[in-house]
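See below for the structure under consideration.
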Amino acid sequence: MSLSLYNTLTRKKEEFSSIEPGRVRMYTCGPTVYNYAHIGNLRSYIFADILRRTLQYFGYEVPQVMNVTDVGHLTDDADSGDDKMELQAKKEGKDIWEIARHFEDVFFDDIEKLNIEPPAVKCRATEHVSEMIALVEKLFERGHAYETAQAVYFDVTTFPAYTELSRQSLEDKLTAARDDVQEDPEKRNPADFALWFKAVGRFEHHIMRWDSPWGVGFPGWHVECSAMSMKYLGQTLDIHTGGEDHVWVHHPNESAQSEGATGQKFVQYWMHGAFLVVGRLSADDDDEDRRMGKSEGNFLRLQTLIDKGYDPLAYRYLCFSAHYRAKLKFTWESMDAAASGYDSLKDFVARAKQIGGQEQPWVQEHRNKFEHAIADDLNMPQALAAVNELIREADRRKEYGVLDALYDFDKVLGLNLRKSAEKATSADAEIENMIKERETARANKDWAKADELRKSLSEMGILLEDTASGTLWRRTE
RNA sequence: GGCGACGUAGCCAAGUGGCUAAGGCAGCGGUCUGCAAAAUCGCUAUCACCAGUUCGAUUCUGGUCGUCGCCUCCA
């Protein structure tokens with residue numbers, strides 16, 4: 001089956017083919033670890049996970065690399081000259097490196113809870129400064145970089161393809177220049193971006209600092225992704241993923257400095273995940289449909305959901321209800337809907353596991369639909385529809401030989417269906433005896449005893465379902 | 001101000017130039033059932049509005065209204 005993926009560069013779905021047969025070099029823009037990731041951030045990583053799992057499903061080996069940007073960045077408060085991480089460090093009275101490591105740990109913990117497979121390579125920006133410096137030196141050699149008293153910049157006019165990805169002209173960017181942004185007067189073009197900041201002026205007291213040919217300072221944003229992706233994956237990547245906000249700044253910059261340094265194509269397929277937007281979360285919340293943001297007051301972490309009693313995988317399930325290139329509107333109602341949907345899927349696999357059966361020919365049609373859906377630019381809503389149609393058909397026909405199919409689908413879905421089914425149907429002798437005893441009582445129409453046994457079992461976390469062909473049960477916790 | 005995206009049932013959302021406009025959640029009614037739970041069947045959409053192209057538009061084009069995003073080191 002051919003896999004088609006939407007390439008932001010061409011704004012079209014394209015049939016995917018990798019540079020090396022059977023192997024996809026994939027780079028995912030990772031977190032900036034100066035704060036907790038919110039569920040909107042996490043949606044992007046679920047998207048990348050689905051992409052990687054789909055590639056694997058179709059037989060590719062996927063060495064995925066993800067950066068951890070632990071170099072501090074500026075605050076949006078131009079006056080302070082503080083760094084976001086430094087600010088956070090001060091607030092919590094902790095060492096800045098500790099802070100970065102803390103948020104990194106929490107991030108990967110969230111990733112694990114969401115059943116996102118960890119990347120083959122995680123790389124920290126602070127551990128690759130020499131590679132970044134080497135990259136900047138190459139940009140000097142090739143005439144793309146220049147130095148001012150404050151920093152080293154990439155001259156965007158030396159790279160004509162700069163606007164290819166963003167499709168936003170430099171003139172447009174020019175008019176966008178905001179008057180309260182502190183500009184370096186020596187900058188040649190407003191769109192030029194920093195490759196290296198010197199520890200002077202507003203950055204005089206910057207904590208994270210390294211030596212460089214341009215004096216002590218710290219790397220600009222963007223550079224770490226170029227340096228690290230090329231270090232681990234080579235000069236040309238198959239796929240580069242990130243959030244849709246990166247289409248206009250981060251990725252054009254990354255692309256420019258990478259291609260500027262190597263003269264080679266940097267990325268074959270650029271893929272971007274759309275934002276989660278937040279609907280009305282409470283009655284006194286007037287605004288609607290805002291993006292989730294650290295400064296928007298609608299900051300929901302995965303832990304927030306867990307505290308409210310949701311399974312992290314229910315959030316994963318929720319993310320499948322919308323296509324990755326479409327905004328997904330988050331409300332508590334939609335979260336509840338996802339939780340219910342995921343629960344009934346888990347109920348089904350527990351039921352199917354108990355009843356069992358051979359896979360019948362009709363299942364193939366649903367397998368085809370599922371595969372067709374994921375191969376069509378990761379259409380998870382349709383893939384999920386295929387799953388739901390499969391289980392409805394199984395219930396209707398009372399033919400439950402569908403677990404192999406569901407477990408295959410779960411290689412992409414990552415909803416832990418096998419684990420869930422096994423857990424739900426694991427019992428000890430005591431429980432099995434009680435269930436048998438109750439069946440005897442029911443056969444004798446001793447309803448009082450049957451109900452009492454059901455109650456006891458319920459207290460032990462066992463839920464019973466009496467059907468025409470016998471009693472089914474499952475563990476509910 | 002510049003650029004872009006989107007507006008499909010109570011909610012979250014797929015999709016298509018014409019055949020019954022997926023799926024989930026919620027709701028209502030029926031079947032099944034000792035009860036419970038589940039399952040199953042049925043019901044709930046003039047696809048934002050206006051005009052154009054077309055034999056035919058929810059799908060294409062233009063406009064209007066609304067929402068959102070980016071241009072700010074936010075996925």
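In what follows, every chain begins at residue 1, and chains take the letters A, B, ... in the order their sequences are listed. Below, all heavy atoms of this structure are taken into account, side chains as well, without hydrogens, waters or symmetry copies. Keep in mind it's a predicted model, so treat the numbers as computed, not measured.
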Closer to the 5' end of RNA chain B via nearest nucleotide, is it A:Y45 or A:N379?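 Nearest-nucleotide comparison on RNA chain B picks A:N379.
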Under 4.0 Å from OP1 or OP2 of B:C73: is there any side-chain N or O of A:Y34 that close?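 No, no such contact exists.
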Salt bridge present between A:E371 and A:R367 (N-O < 4.0 angstrom):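 A:R367 and A:E371: not salt-bridged.
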Taking A:E104 first and then A:K122, would you say they form a salt bridge - that is, a charged N and a carboxylate O separated by under 4.0 Å?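 No salt bridge links A:E104 with A:K122.
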Nucleotide by nucleotide, nucleotides 34-40 of chain B touches protein heavy atoms under 4.0 Å in the pattern (B base, S sugar-phosphate only, - none) BBBBSSS
To the nearest 0.5 Å, atom NE2 of A:H240 lies from atom NE2 of A:H272 at 7.5 Å
Qualifying salt bridge (charged side-chain N to carboxylate O under 4.0 Å, His left out) pairs with a residue from residues 31-54 of chain A, counting only residues at least two apart or across chains: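 Qualifying pairs, neighbours excluded: A:D49-A:R52, A:D49-A:R53, A:D49-A:R316, A:R52-A:E117, A:R53-A:E117.
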Determine whether the aromatic ring centres of A:H251 and A:W221 lie less than 6.0 Å apart. no
Are A:Y36 and A:H102 close enough that their ring centers fall under 6.0 Å? yes
Please state the P separation for the pair B:A21 and B:U46 - nearest whole angstrom.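 Going atom to atom, P in each nucleotide, I get 13 Å.
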Pairwise P distance, B:U59 and B:U53 [rounded to whole Å]: 15 Å
[X] near the nucleic acid: base, sugar-phosphate alone, or nothing, with a heavy-atom cut-off under 4.0 Å?
| X | value |
| --- | --- |
| A:S44 | base |
| A:A468 | nothing |
| A:G40 | base |

